[in-house]
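Just so it is clear, the model here is predicted, and its values are computed rather than measured. Keep in mind that the numbers below use all heavy atoms, side chains included, and drop hydrogens, waters and symmetry copies.
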Amino acid sequence: MPTKNTLTDFIQPTLTGPSARLVASLSMAIHENKLLPGTKLGEDELGDIFKVSRTVVRTALQELSHAELVELKRNRGAFVSQPTVREAREVFEARALLEPRTARSAAERMTEGAAARLEAHIAAEHAAIEAGEAGKALRLSGHFHIEISRIADQTTIAGFIERLVARSSLIIALYWKRQSALCEKHAHHALVDALRRGDGADAEELMKSHLLDILTALDLREVVQPPIDLKDILRPAP
């Protein structure tokens, strides 16, 4: 089964207690595109929703700011980060430099257990798409790429890829023009097949074309998002 949905999906935790739980909740909402780029994150409103103090909220927002998921603007407050078109291109250029070679390395270290984890991610991703949960599918898709970097056992590069994938979630939320910005159904299956065969060259080429497909599914023009009511998005279910 896929890794349990926790803060460690994209951000290595450095906090404990209420602030860590708030970071986990906000991070999940951002990665599933429930909180869209540019959304204002009011301290009082978040405190009311999660029943925590402003100190807890500020600590959580600082943590998310370090992860580049939230932007803190002087005298204006906190907002979900809103990557520019230039940043979007730079992120995918960086991914195109790192991930194909990482896929090659992963093929050299592949095990049946690792393949099973990747296939479970694919199954969960497809189930989310079929259920109309595009945001959840996007998050699972991103974690699939992170899992490949971990299989490659290159800690420093994996850290870079985790941050780039996290940034990509925001970029796709802003600029996708068709659902194929979510990973195509066949692309991840083909990657797992190449990795299982230990074919590093094929895995590298498949990753290159896969990332290009994602990039071409984006409409890289500046957009403006409508306002969002945080209570509607974040208030826990009864």
Side-chain angles (χ1 to χ4, degrees), residues 1-15 20 23-24 27-28 30-31 63-69 81 83 87-125 137-172 181-184 186-215:
M1 293 299 293
T3 305
K4 185 179 178 181
N5 298 337
T6 67
L7 178 59
T8 56
D9 275 4
F10 289 100
I11 303 173
Q12 295 304 314
T14 60
L15 302 173
V23 168
S27 175
M28 188 72 70
I30 290 170
H31 286 300
E63 178 81 354
L64 290 166
S65 174
H66 294 324
E68 299 184 330
L69 291 178
S81 292
E87 288 175 305
R89 293 189 184 281
E90 288 176 352
V91 164
F92 276 94
E93 285 174 6
R95 289 186 66 178
L97 288 172
L98 292 175
E99 290 193 58
R101 291 292 298 176
T102 299
R104 178 186 282 268
S105 297
E108 298 169 359
R109 296 167 173 81
M110 195 65 173
T111 65
E112 275 304 311
R117 291 197 303 273
L118 292 175
E119 288 175 343
H121 271 290
I122 295 172
E125 180 188 342
L138 174 61
R139 175 176 54 77
L140 290 166
S141 173
H143 201 269
F144 176 91
H145 286 253
I146 291 172
E147 188 65 32
I148 289 176
S149 73
R150 291 173 179 168
I151 293 167
D153 196 24
Q154 298 173 330
T155 304
T156 300
I157 293 175
F160 288 133
I161 289 174
E162 287 177 20
R163 297 184 77 87
L164 290 169
V165 169
R167 200 72 175 160
S168 296
S169 295
L170 296 168
I171 290 165
I172 292 173
L182 293 170
C183 293
E184 300 283 2
H186 68 275
H188 283 178
H189 282 300
L191 271 166
V192 172
D193 180 60
L195 293 170
R196 179 177 266 128
R197 287 185 282 105
D199 191 337
D202 192 26
E204 184 172 358
E205 289 304 313
L206 285 167
M207 184 65 83
K208 284 180 183 176
S209 62
H210 177 39
L211 291 172
L212 181 60
D213 285 345
I214 299 174
L215 182 59

How far does [atom1] of [X] sit from [atom2] of [Y], to the nearest 0.5 angstrom?
X	Y	atom1	atom2	result
Met110	Ser105	CE	OG	13.0 Å
Leu206	His189	CG	NE2	13.5 Å
Asp193	His186	CG	NE2	13.0 Å
Leu191	Asp202	CG	CG	8.5 Å
Ser81	Ile171	OG	CD1	10.5 Å
Arg101	Ile157	CZ	CD1	9.5 Å

- Task: State, yes or no, whether a side-chain contact exists between Ile151 and Leu118 at a heavy-atom distance under 4.5 Å.
- Result: yes
- Message: With heavy-atom distances below 4.5 Å as the criterion, would you say the side chains of Phe160 and Thr156 are in contact?
- Response: yes
Just by distance, no angles: are the side chains of [X] and [Y] close enough, under 3.5 Å, to form a donor-acceptor pair?
X	Y	result
Glu125	His188	yes
Arg139	Ser169	no
His210	His145	yes

- Query: Do other residues, nucleotides or ligands put more than 12 heavy atoms under 6.0 Å from Arg89 CZ?
  - Reply: no
- Message: Show, in sequence, the C-alpha distance, side-chain angles and deciding distance for His31 and Leu138, and conclude whether the side-chain contact (heavy atoms from CB on, under 4.5 Å) test is met.
- Response: CA-CA 8 Å; His31 286 300; Leu138 174 61; over 6 Å; no
- Pair Arg167-Leu69, side-chain contact (heavy atoms from CB on, under 4.5 Å): steps then yes or no: CA-CA 7 Å; Arg167 200 72 175 160; Leu69 291 178; over 6 Å; no
- Query: Given the rule in the side-chain contact (heavy atoms from CB on, under 4.5 Å) test, do His143 and Arg150 qualify, once you have shown the distances and angles that lead to the verdict?
  - Reply: CA-CA 10 Å; His143 201 269; Arg150 291 173 179 168; 3.5 Å; yes
- Quick one: do Leu164 and Phe92 satisfy side-chain contact (heavy atoms from CB on, under 4.5 Å)? Show the steps, please. CA-CA 8 Å; Leu164 290 169; Phe92 276 94; over 6 Å; no
If I compare all heavy atoms of [X] with all of [Y], which pair ends up nearest, and what's the gap?
X	Y	answer
Asp199	Ala107	C-CB, 4.0 Å
Leu211	Pro100	CD1-CD, 4.3 Å
Ala103	Leu195	O-CD2, 3.4 Å

- Task: Assess whether salt bridge (charged side-chain N to carboxylate O under 4.0 Å, His left out) is satisfied between Arg196 and Glu119, documenting all intermediate values.
- Result: CA-CA 11 Å; Arg196 179 177 266 128; Glu119 288 175 343; 2.7 Å; yes
- Message: Pair Lys208, Glu99 - check salt bridge (charged side-chain N to carboxylate O under 4.0 Å, His left out), show working.
- Response: CA-CA 8 Å; Lys208 284 180 183 176; Glu99 290 193 58; over 6 Å; no
